[in-house]
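Structure record follows, encoded as structure tokens.
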Protein chains: 2
Amino acid sequence: MEKRVNQIKQQLSAQNYKLTPQREATVRVLLENEEDHLSAEDVYLLVKEKAPEIGLATVYRTLELLSDLQIIHKLNFGDGVTRYEFRAEGAEHHHHHLYCLNCGSVDEIMEDLLGPIEKQVESEYNFQIVDHRLTFHGICKRCRGKVEDPKKLYSIKLS
Amino acid sequence: MEKRVNQIKQQLSAQNYKLTPQREATVRVLLENEEDHLSAEDVYLLVKEKAPEIGLATVYRTLELLSDLQIIHKLNFGDGVTRYEFRAEGAEHHHHHLYCLNCGSVDEIMEDLLGPIEKQVESEYNFQIVDHRLTFHGICKRCRGKVEDPKKLYSIKLS
DNA sequence: GTGATTGCAAATTGTTTGCACGCTG
DNA sequence: CAGCGTGCAAACAATTTGCAATCAC
């Protein structure tokens, strides 16, 4: 944890940015909730607990900064809010998401399932791939059995 | 074209909705620009050409209705606007998108590359898949050569 | 007429910006 | 003191909602 905070501090100063207390608090919240895919509002509420004077705009600015520096990633599941997650440490390690239509949870698939497919797409469509987003929408293991008609949920909830 | 309008009309009346002139105009615009992934605003502007009195709210309501009835699909590429596309006619025919970081164009991959992978995910993660979204972000064939550093573009443009 | 549908304006939501102040080198 | 960084409030953009008027059976 301290190690990662420090690492980020260095990434910031390498570009002449400082790890101010607000930024540090934000980073720590993100690290502490790494598996949660928080929205800006989520982050704001959590950061306020440790730094009550912080403004929402600062949180947005910090998230934008971290995103520009490719320290975090913005995610969109179509429910109207942007969520954030840490980038995989090793540059090219992609992963995917499982978005539950019932409870809104987001789980991760930590393996990259698309390696061969990317190659196929690059050559077949003459498209230079920089990244991809793969999300499966459905019912998570915790909601299994609770939902009668997943397709219906789907049409209601999804964008 | 007429055939498809009629088909949609029937889908609507099957659920006790009417294909009003405004709805029909909206549907036609969507059909005429099927490969374009229009935003609500785009649709609004185009619909206004044939039905100048229409309101933006009506367009939104129509798009929402069509989406609820699973006639069209909402899409999010992370650039802040929701775009719409027709659903594949045959229920389970998935396709994928190529989003160009340089020009913002969206092309389609009409084959479903994920069949086997879905099966693997369902069993391995105990997740019941209803749908998936797969988008490749990168440089389209038209922008090839115009861009020096795709990764940089990526960090700037993407959500 | 009764209920669905519309247009318009106002409200909401998520996010961004302008600006004066504060902190740090 | 120069400039980055902040908090606050106002601005914005996309979308949604309330409501009175209108339309279709």
Side-chain angles (χ1 to χ4, degrees), chain A residues 8-9 11-27 29 37-48 50-69 72-84 104 156-159, chain B residues 8-9 11-27 29 37-48 50-69 72-84 104 156-159:
Chain A
I8 289 164
K9 182 173 187 170
Q11 290 180 74
L12 288 180
S13 51
Q15 314 273 335
N16 288 334
Y17 294 110
K18 295 169 224 166
L19 187 63
T20 64
Q22 292 92 331
R23 285 175 184 167
E24 183 172 337
T26 304
V27 164
V29 162
H37 303 95
L38 303 174
S39 67
E41 190 79 29
D42 293 337
V43 173
Y44 174 60
L45 293 173
L46 289 167
V47 172
K48 272 196 107 143
K50 40 180 76 169
E53 75 292 352
I54 201 172
L56 178 56
T58 301
V59 170
Y60 271 104
R61 282 186 283 230
T62 301
L63 293 171
E64 193 59 33
L65 175 63
L66 294 173
S67 182
D68 284 352
L69 297 185
I72 62 176
H73 231 118
K74 292 187 193 177
L75 300 175
N76 253 284
F77 297 110
D79 54 358
V81 286
T82 301
R83 294 149 184 262
Y84 301 84
I156 297 168
K157 305 250 315 192
L158 214 67
S159 97
Chain B
I8 289 164
K9 182 173 187 169
Q11 289 179 74
L12 286 180
S13 51
Q15 313 274 333
N16 289 333
Y17 294 109
K18 296 167 220 162
L19 187 63
T20 63
Q22 292 90 333
R23 285 176 184 166
E24 182 171 339
T26 304
V27 164
V29 162
H37 303 95
L38 303 175
S39 68
E41 189 79 28
D42 293 337
V43 174
Y44 174 60
L45 293 173
L46 289 167
V47 172
K48 272 197 105 142
K50 40 180 78 167
E53 74 295 350
I54 201 171
L56 178 55
T58 300
V59 171
Y60 272 104
R61 281 185 284 230
T62 301
L63 293 171
E64 193 59 34
L65 176 63
L66 294 173
S67 182
D68 285 353
L69 297 185
I72 61 176
H73 232 118
K74 293 188 194 177
L75 299 175
N76 251 284
F77 297 110
D79 54 359
V81 286
T82 301
R83 294 149 184 265
Y84 301 83
I156 297 167
K157 304 250 316 193
L158 215 67
S159 95

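So you know, we letter chains A, B, ... as the sequences are listed, proteins then strands, and number each from 1.
Rounded to an integer number of Å, the gap from B:E53 CD to C:dT6 C1' is 10 Å. Computed from coordinates, the B:R23 CZ to D:dA24 C1' distance equals 12 Å when rounded to whole Å. Between the P atom of D:dA24 and the CD atom of B:E24 lies a distance of 13 Å, rounded to the nearest Å. Regarding A:D68, its CG atom lies at a distance of 15 Å from the P atom of C:dT15, rounded to whole Å. Between B:N16 atom CG and C:dA4 atom P the separation is 9 Å, expressed in whole Å. As a whole-Å value, the separation of A:L63 CG from C:dG14 P is 15 Å. The distance between atom CG of A:D79 and atom C1' of C:dT12, rounded to the nearest whole Å, is 16 Å. D:dA14 atom P lies 10 Å from atom CG of B:D42, rounded to whole Å.
Between C:dT16 and A:R61, no contact under 4.0 Å exists linking OP1 or OP2 to a side-chain N or O. Residue A:Y60 has no polar side-chain atom (N or O) positioned under 4.0 Å from OP1 or OP2 of C:dT16. At C:dT15, one or more side-chain N or O atoms of A:T82 fall inside 4.0 Å of OP1 or OP2 (strictly under the cut-off). Neither OP1 nor OP2 of D:dC23 sits under 4.0 Å from any side-chain N or O of B:Q22. Neither OP1 nor OP2 of D:dG5 sits under 4.0 Å from any side-chain N or O of A:T58.
Minimum interatomic distance between A:S39 and A:V81 (heavy atoms only, all atoms of both residues): CB-CB, 4.3 Å. When all heavy atoms are compared, the tightest approach of A:V47 to A:T26 is CG2-CA, 3.8 Å.
Out of D:dT16, C:dT6, C:dT17, the shortest distance to the side chain of B:T20 is found at C:dT6. Checking D:dT15, D:dT17, C:dT15 against the side-chain heavy atoms of B:A57 singles out D:dT17 as nearest.
Considering CD of B:E64 and CG of B:L69, their distance stands at 10.5 Å, rounded to 0.5 Å.
Across all strands, B:L56 comes closer than 4.0 Å to base atoms (heavy-atom distances). Using a 4.0 Å heavy-atom criterion, one finds that A:E41 contacts no nucleic acid atom at all.
If you find the closest nucleotide of DNA chain C to B:Y44 and to B:K18, the one lying nearer the 5' end belongs to B:K18.
At a threshold of 4.5 Å between non-hydrogen side-chain atoms, the residues A:K18 and A:L12 do not count as touching.
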(request) Please test A:V27 against A:E24 for side-chain contact (heavy atoms from CB on, under 4.5 Å), starting from the C-alpha separation and ending with a verdict. (result) CA-CA 5 Å; A:V27 164; A:E24 183 172 337; 5.6 Å; no

